[in-house]
Chemist: 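Sharing a structure below in structure tokens format, with a few things to ask.
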Amino acid sequence: MSDICDCAPVMDLKALVQRFDGRARLLVHALHSGAAGVSNAQTVFNKQRRSDPDYTLTQFLETLCQWEASVHEHALVLKPLVCLFSEGFKRNLLCFLHLIHPGLPKDRVLSLLQCLTQDDVENQWTCALIKQLQRDIEGTRKGTLLTSNCTGKLKSLCERFRNANAKGRWASCFEGLGAEGKETKVPVYSQKKRKSDNMDHDGDAQEDHQSKRVKMDFCPSEEEEERLTEEEEPKMRTSQLDQSAASVSQARSDALGSSKNLPDHMKAAVPVIRELLDTESAWDESSGFALKVFHECDPNEVEVLCSMLCLSEASDQSLPQFCSWLLELSPDLSHSTACAVITHLLLPKILSLAEPASRCLVTAIISLCSRYPRPTCQALIEPVLQKGQTGSAQAELLCKLVVNCLEPHHRLFVFRAILGVSWDEGVLSVIHALLDSKLELSEKDFSLFTDQLCSQSPHFSKSMKFAKMLLSVLTKYQSHVNPACHHTLSSCLSFNETFLKKSLQAALKRISL
């Protein structure tokens, strides 16, 4: 039974499970199911709570802390029951508790952690999980999660990096870590020899290319970056503007492959959030706590996590609740994380609109835009404009955002983005809404805008939206018109074929230079 209990207890797994009541046994088996243990335990616990809202894990935690006899080094010793389980079980248990501990009695969880620390925990990952959970419960950030062994290795590595820029290449920092004549295994990019000295950014033109020493650069070449990205760090695309059904399927496959690199507690959060989004059931404190994994993700991990959650498939009705919990997170999401969430959650829905957005969708978008205006501009508004086919539904929604949610400097950001995209009737509506908000345009911005108006005039010679937008420019931005812009606007009006042409010409004549 060495694969079940690393400390060779006097009882096997079946005997250990008998110490728990019926429902807790299901949880024990779930936690003992390997890499999927955390997600399985979360699923079991959610089902148990749905069937009995008053069910708690108090008895389960107390049982884990009970003392049991075990054989250790040919001697009979007493240990807490939790210490008789395998390291895999302990790690899954800690990750599981990390997700749900806000809804558990703090004293019970701390007692369990105390029991775990009494055991000789050699696994550094388990030690870090124990310390992290204790810090979360106590609300402190004192000390370090690193063991003394890990700290020593980091210090040694830092010493090697200290003089890395003095001479030679980054590979010199890792000399001596491997046997001579063999490739040194380094936890960063390990590259093959270069074919040309021109690719060497360190300028060492005389370097012997026949050396078997591993060569490393801080900045790989474009070809190597592309190869490393494809082989080692696949990234999910943040835009679905041109994706077909086949590309969406491929993205999901990539996400599943990349999910192997996610920590267990991040994987465990996926079924919790997905189930709540799918069932539209009530969210509670522990559900909101699962969203805190977004704080712990780096840019690559957050893309994988969002893809695994399939946020774009969430129903409109579930969005307000989900967004409200996102807004409850403290501190706020980072800029990159907010962009990723908005891209996956809202952008596909906006692009696919064929009729006015539902009230739930509008509520969700406005709530996120009010808290994260800059990410909304970059991850939602700008991609919709760049698509070049802004329909009436998209235009109506964008107009609501720029008028009701954005501050003047964010409106100016959208305005400048519009100058670089193709215009259609929907884009004209957004421009008109921006102009009505009385933008604070610089001389350069207004000059670029009039140039764009002139270039677009032949395409909208019969457009009433375009004519009304011109009238708004001539009546509300008179002070911005200099002689050069006056001439440009005059040329612009010459293409107009609507009944507003005379009104436009009269408005232009009233502008004094």
Side-chain angles (χ1 to χ4, degrees), residues 1-9 11-52 55-66 68 70 79-105 108-119 121-123 125-134 136-137 259-260 262-275 286-287 289-290 293:
M1 299 302 297
S2 58
D3 59 328
I4 296 178
C5 297
D6 299 333
C7 58
M11 60 190 80
D12 58 12
L13 177 62
K14 183 176 180 180
L16 291 174
V17 173
Q18 294 299 322
R19 296 291 189 270
F20 300 87
D21 60 32
R23 286 185 290 191
R25 291 176 187 175
L26 294 175
L27 197 57
V28 171
H29 282 294
L31 290 169
H32 216 282
S33 55
V38 181
S39 59
N40 291 343
Q42 188 70 55
T43 301
V44 169
F45 183 57
N46 286 338
K47 291 181 179 180
Q48 290 173 342
R49 286 200 309 170
R50 283 199 301 269
S51 61
D52 182 5
Y55 176 66
T56 67
L57 295 181
T58 302
Q59 185 61 43
F60 171 73
L61 297 174
E62 291 177 349
T63 303
L64 287 172
C65 294
Q66 291 178 358
E68 293 288 340
S70 66
K79 287 188 175 185
L81 184 62
V82 66
C83 296
L84 303 184
F85 285 93
S86 67
E87 287 296 325
F89 176 90
K90 295 175 187 176
R91 288 194 296 271
N92 286 342
L93 174 65
L94 289 167
C95 292
F96 173 64
L97 294 178
H98 180 83
L99 290 174
I100 68 169
H101 77 79
L104 301 177
R108 295 290 189 273
V109 180
L110 290 174
S111 296
L112 178 63
L113 296 181
Q114 183 63 30
C115 291
L116 286 170
T117 55
Q118 291 178 6
D119 195 21
V121 182
E122 298 180 357
N123 187 282
W125 181 241
T126 302
C127 291
L129 288 174
I130 293 173
K131 293 178 182 178
Q132 181 61 57
L133 183 54
Q134 188 170 8
D136 289 343
I137 294 175
S259 67
K260 297 178 181 179
L262 290 179
D264 289 341
H265 69 280
M266 291 185 185
K267 297 178 186 177
V270 172
V272 181
I273 301 172
R274 280 294 308 276
E275 182 175 6
S286 61
S287 304
F289 185 81
V293 296

Chemist: Please examine the side chains of L93 and L112, heavy atoms only from C-beta on, and report whether any two atoms are closer than 4.5 Å.
Modeler: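 Side chain of L112 against side chain of L93, heavy atoms only: contact under 4.5 Å found.
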
Chemist: Go through the structure and list residues passing side-chain contact (heavy atoms from CB on, under 4.5 Å) with L104, not counting sequence neighbours.
Modeler: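 Partners of L104 by the side-chain contact (heavy atoms from CB on, under 4.5 Å) criterion, ordered by chain and then number, come out as L57, L61, L97, I100, V109.
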
Chemist: Go through the structure and list residues passing side-chain hydrogen bond (donor to acceptor under 3.5 Å, both in side chains) with S111, not counting sequence neighbours.
Modeler: none

Chemist: Measure across A30 and V44 and return the closest heavy-atom pair with its distance rounded to 0.1 Å.
Modeler: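 Nearest heavy atoms, A30 then V44: CB-CG2, 4.1 Å.
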
Chemist: Let me confirm one number: the OG-CZ distance from S39 to R274, rounded to the nearest 0.5 Å.
Modeler: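 Spacing of OG (S39) from CZ (R274) equals 13.0 Å.
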
Chemist: Could you pull out all residues at least two apart from T63 that satisfy side-chain contact (heavy atoms from CB on, under 4.5 Å)?
Modeler: R19, F20, Q59, Q66, L81

Chemist: Hey, could you give me the CG/CZ distance between L27 and F60, rounded to the nearest 0.5 Å?
Modeler: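 Answer for the CG-CZ pair, L27 versus F60, is 4.5 Å.
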
Chemist: Under 4.5 Å between any side-chain heavy atoms of L94 and L116, yes or no?
Modeler: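 Yes, close enough: below the 4.5 Å cut-off.
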
Chemist: How long is the straight-line distance from CD of Q42 back to CD1 of I273, given to the nearest 0.5 Å?
Modeler: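 Nearest 0.5 Å value for the CD1-CD distance: 10.0 Å.
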
Chemist: Work out which heavy atom in A24 is nearest to a heavy atom in Y55; give both atom names and the distance.
Modeler: N-OH, 4.1 Å

Chemist: For residues K267 and P271, report the shortest heavy-atom separation together with the two atoms involved.
Modeler: O-CD, 3.1 Å

Chemist: Identify, with sequence neighbours excluded, every residue that meets side-chain hydrogen bond (donor to acceptor under 3.5 Å, both in side chains) alongside R108.
Modeler: E62

Chemist: Would a 4.5 Å heavy-atom cut-off, applied to side chains only, mark F85 and L64 as touching?
Modeler: yes

Chemist: Could you list the residues that satisfy side-chain contact (heavy atoms from CB on, under 4.5 Å) with A35, not counting sequence neighbours?
Modeler: none

Chemist: Supply the atom-to-atom distance L31 CG to L26 CG, rounded to the nearest 0.5 angstrom.
Modeler: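 The CG atom of L26 is 11.0 Å from CG of L31, to the nearest 0.5 Å.
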
Chemist: Between F89 and V28, is any pair of side-chain heavy atoms under 4.5 Å apart?
Modeler: yes

Chemist: About how many Å separate CZ of R23 and CZ of F45, when rounded to the nearest 0.5 Å?
Modeler: 10.0 Å

Chemist: I want to check something: taking the side chain as every heavy atom from C-beta on, are L129 and H98 in contact at a cut-off of under 4.5 Å?
Modeler: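 SC-SC contact between L129 and H98 ruled out.
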
Chemist: State, yes or no, whether a side-chain contact exists between P105 and T58 at a heavy-atom distance under 4.5 Å.
Modeler: yes

Chemist: Does the side chain of S86 reach to within under 4.5 Å of the side chain of H32, using non-hydrogen atoms?
Modeler: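 Heavy-atom side-chain distance check passes, below 4.5 Å.
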
Chemist: Could you give the distance from NZ (K90) to SG (C83), rounded to the nearest 0.5 Å?
Modeler: 5.0 Å

